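Treat the numbers as computed from the prediction; the structure is a model and nothing was measured.
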Amino acid sequence: MKEHDYSIDIARGIVCLLVIIGHISSTPSQVNVWIYAFHMPLFFIISGLIINTKEPIDVFIKKRIKGLFFPYFILNILVWVIENLMKFTLAFVTNSEFDKAKSFNELIGVFIGWRLTKFYYILWFVISLFWGLIFSYVVLQFLKNKKLIFICGICLIFLNSIIWKIIGGLPYSLDTVPVSAGFILIGNAIADKIKYCINKKNALFGIPLFLMNGVIAILGASAYGKVDFYNCQVGGVSILIITSMIGSVSVFMLAKLLNRNHFFEFLSMNSLIFYAFQNRIVIPICERVITVLDVKLFKNSLCGYEWMICAVIVVVILSIIAFPINKYIPWAVGKRK
């Protein structure tokens, strides 16, 4: 029986943590630029490492529908209901007006996911991964040469940068399919090299490599602009590919260095829950509470550290949220009870 590679789980957990930090408004701009330069590409590359193209296409699609497509809608609905109940209650208590129009538009956004419009809610990258995996599966049925697969991935990323100059967002994140599939194909093309070249002996080099990637990302952003797939921004495409590759390799090295880490493995297993609840509910509440406490109790002495404190509290709260979902409605995240 093949031994499970926990480094993939740890890498996925690291991505989850980076997404949370990237969404905290008090995160320093340079750290934010660094994270955005590679965290979404790494999210897709990891899927490329483990994509199984030997499955029949109907089985492959059914698994992705269960694991990504259904959770995308179910979690969207769940978060929308909770968020609007909170807003309605707050409006009632404070005797203020509840924005029905915005709430209704977001409900439409739950079902059509049209980024860069008022008809969008959350989890664009989950549905993007769904389409990207299906597209990549089809491509990989025809391309078997790893070099050609890698080149195809690069071409798709460049193609998406052109598409985004013409079209700014489509329903269900369809405009992101080339870039998501591109990085999935890159992940598939380098999978064997990653497994062969990265081991515990050289894992320590992941730390300086990770830091070096930050420098390249910041310099690249200052020259070509920030990377932000949600807003159709790729910065410099060549720089994006470089930072994505270096960032991914360094994270895989760090994952090997950690060997087994229950914290990141837990984040990996519950990443969909973390992605769903962090940006619309947990992070805004934590940021507001920390700001009030900083002013009232700490006399603004937490300035510069709020994002770190917020990240810790957010992870704790999201971990608590994950338990009842896993116990009572695991089907909401594609799991069995």
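- A donor-acceptor contact shorter than 3.5 Å links the side chain of Glu287 to the backbone of Ser25.
- Within the structure, the side-chain hydrogen bond (donor to acceptor under 3.5 Å, both in side chains) test picks out the following pairs touching residues 210-228 (sequence neighbours left out): Asn32-Lys226, Asp228-Asn231.
- Taking a 6.0 Å sphere around CZ of Phe98, one finds it holds more than 12 heavy atoms contributed by other residues, nucleotides or ligands.
- In terms of modelled atom types and a separation under 3.5 Å, the side chain of Lys165 and the main chain of Ser161 share no donor-acceptor contact.
- Residue Leu219 belongs to a hydrophobic cluster whose other members are Val215, with links defined by side-chain heavy atoms closer than 4.5 Å.
- In the hydrophobic cluster analysis, where Ile, Leu, Val, Met, Phe, Trp and Tyr join through side-chain heavy atoms closer than 4.5 angstrom, Met269 is grouped apart from Phe125.
- For the atom pair Ile325 CD1 and Ile273 CD1, the distance stands at 4.5 Å (nearest 0.5 Å).
- Remark: Phe264 CZ to Ile10 CD1 distance equals 8.5 Å, nearest 0.5 Å.
- Interatomic distance, Ile285 CD1 to Phe277 CZ, rounded to the nearest 0.5 Å: 11.5 Å.
- Residue Ile320 shares its hydrophobic cluster (ILVMFWY side chains chained together at separations under 4.5 Å) with Val316.
- Arg12 is listed as a side-chain neighbour of Ile50, based on a closest heavy-atom distance under 4.5 Å.
- In this structure, Ile190 and Met245 have side chains that are in contact, with non-hydrogen atoms separated by less than 4.5 Å.
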Walk me through it: do Leu170 and Thr176 pass the test side-chain contact (heavy atoms from CB on, under 4.5 Å)? CA-CA 8 Å; Leu170 285 176; Thr176 68; over 6 Å; no
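- Listed here is the closest heavy atom pair of Gly220 and Ile239: CA-CG2, 4.0 Å.
- Side chain of Asp294 to backbone of Ile290: no donor-acceptor contact under 3.5 angstrom is found.
- Between Ala181 and Phe135, the closest heavy-atom pair is CB-CD2, 3.6 Å.
- Inter-residue side-chain proximity for Ile74 and Trp331 is flagged as met; some heavy-atom pair is nearer than 4.5 Å.
- A donor atom on one side chain and an acceptor atom on the other are not found under 3.5 Å apart for Thr291 and Glu306.
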Verdict with supporting geometry, Leu257 and Ile207, side-chain contact (heavy atoms from CB on, under 4.5 Å): CA-CA 10 Å; Leu257 186 64; Ile207 297 174; 4.2 Å; yes
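- Within 6.0 Å of NZ on Lys296 lie no more than 12 heavy atoms contributed by other residues, nucleotides or ligands.
- When side chains are defined from C-beta on, Phe229 counts as touching Trp164, because their heavy atoms get closer than 4.5 Å.
- Other residues, nucleotides and ligands contribute at most 12 non-hydrogen atoms within 6.0 Å of the CD atom of Glu97.
- Considering only heavy atoms from C-beta on, Phe104 stays 4.5 Å or farther from Asn84 through its side chain.
- Residues Leu209 and Phe205 share a single hydrophobic cluster, defined by chaining ILVMFWY side chains whose heavy atoms lie under 4.5 Å apart.
- Listed here is the closest heavy atom pair of Pro41 and Leu240: CG-CD1, 4.1 Å.
- Within a 6.0 Å sphere centred on CZ of Phe263, heavy atoms belonging to other residues, nucleotides or ligands number more than 12.
- Scanning both residues, Trp80 and Ser103, for their nearest heavy atoms gives NE1-O, 3.1 Å.
- Within 6.0 Å of CZ in Arg288 there are 12 or fewer heavy atoms belonging to other residues, nucleotides or ligands.
- There is no side-chain donor-acceptor pair under 3.5 Å between Ser173 and Ser128.
- Residues Leu18 and Val33 do not share a hydrophobic cluster, clusters being chains of Ile/Leu/Val/Met/Phe/Trp/Tyr side chains in contact below 4.5 Å.
- Under the 4.5 Å side-chain criterion, counting only non-hydrogen atoms from C-beta, Lys256 is not in contact with Tyr6.
- Surrounding CZ of Phe73 are more than 12 heavy atoms belonging to other residues, nucleotides or ligands, all under 6.0 Å away.
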side-chain contact (heavy atoms from CB on, under 4.5 Å) between Asn270 and Lys335, intermediate numbers included: CA-CA 10 Å; Asn270 296 283; Lys335 297 178 182 178; 3.5 Å; yes
Listed pairs under 3.5 Å, donor-acceptor, residues 59-72 side chains, sequence neighbours left out:
| unit_1 | atom_1 | unit_2 | atom_2 | d |
| --- | --- | --- | --- | --- |
| Lys63 | NZ | Glu55 | OE2 | 2.4 |
| Arg64 | NH1 | Phe60 | O | 3.4 |

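- Ser7 places no side-chain N or O within donor-acceptor distance of the main-chain N or O of Ala255, the cut-off being under 3.5 Å.
- For Trp124, the CH2 atom counts as densely surrounded, since its 6.0 Å shell holds more than 12 non-hydrogen atoms of other residues, nucleotides or ligands.
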Audit row: Tyr36, Tyr230, ring pair (Phe, Tyr, Trp, His ring centres under 6.0 Å) steps and yes/no: CA-CA 10 Å; Tyr36 272 68; Tyr230 173 84; 9.9 Å; no
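- Looking at every heavy atom in both residues, Ser47 comes nearest to Leu133 through CB-CD2, 4.0 Å.
- Residues Val227 and Gln233 fail the side-chain proximity criterion, which asks for heavy atoms closer than 4.5 Å.
- One finds no salt bridge joining Lys87 and Asp99 here, because no Lys/Arg side-chain nitrogen approaches an Asp/Glu carboxylate oxygen to under 4.0 Å.
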Assess whether side-chain contact (heavy atoms from CB on, under 4.5 Å) is satisfied between Phe274 and Phe266, documenting all intermediate values. CA-CA 11 Å; Phe274 276 56; Phe266 176 81; 4.0 Å; yes
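- At least one donor-acceptor pair closer than 3.5 Å links the side chain of Tyr137 to the backbone N or O of Ile57.
- Annotation: the span from Ile281 atom CD1 to Cys286 atom SG amounts to 11.5 Å, rounded to 0.5 Å.
- Of the possible polar contacts, one joining the Glu265 side chain to the Asn261 backbone as a donor-acceptor pair under 3.5 Å is found.
- Take Ser238 and apply the side-chain contact (heavy atoms from CB on, under 4.5 Å) test, not counting sequence neighbours, and it matches Phe158.
- The hydrophobic cluster analysis finds Leu90 isolated: no Ile, Leu, Val, Met, Phe, Trp or Tyr side chain comes under 4.5 Å of it, directly or through other members.
- The CD1 atom of Ile8 sits 5.0 Å away from the CG atom of Leu49 when rounded to the nearest 0.5 Å.
- Cys232 has its side chain within reach of Arg115: a pair of non-hydrogen atoms, C-beta onward, lies under 4.5 Å apart.
- Scanning all heavy atoms of the two residues, the minimum distance from Leu185 to Ile149 falls at O-CG2, 3.3 Å.
- In this structure, the separation between OG on Ser268 and CD1 on Ile46 is 8.0 Å, given to the nearest 0.5 Å.
- The same ILVMFWY cluster, assembled from side-chain heavy atoms under 4.5 Å apart, contains both Phe130 and Ile77.
- The aromatic rings of Phe38 and Phe210 sit perpendicular to each other, their planes meeting at more than 60°, with 30° as the lower class boundary.
- Between the side chain of Asn188 and the main chain of Ile51, no donor-acceptor pair closer than 3.5 Å is present.
- No path of Ile, Leu, Val, Met, Phe, Trp and Tyr side chains, each step under 4.5 Å between heavy atoms, connects Val312 with Ile317, placing them in separate hydrophobic clusters.
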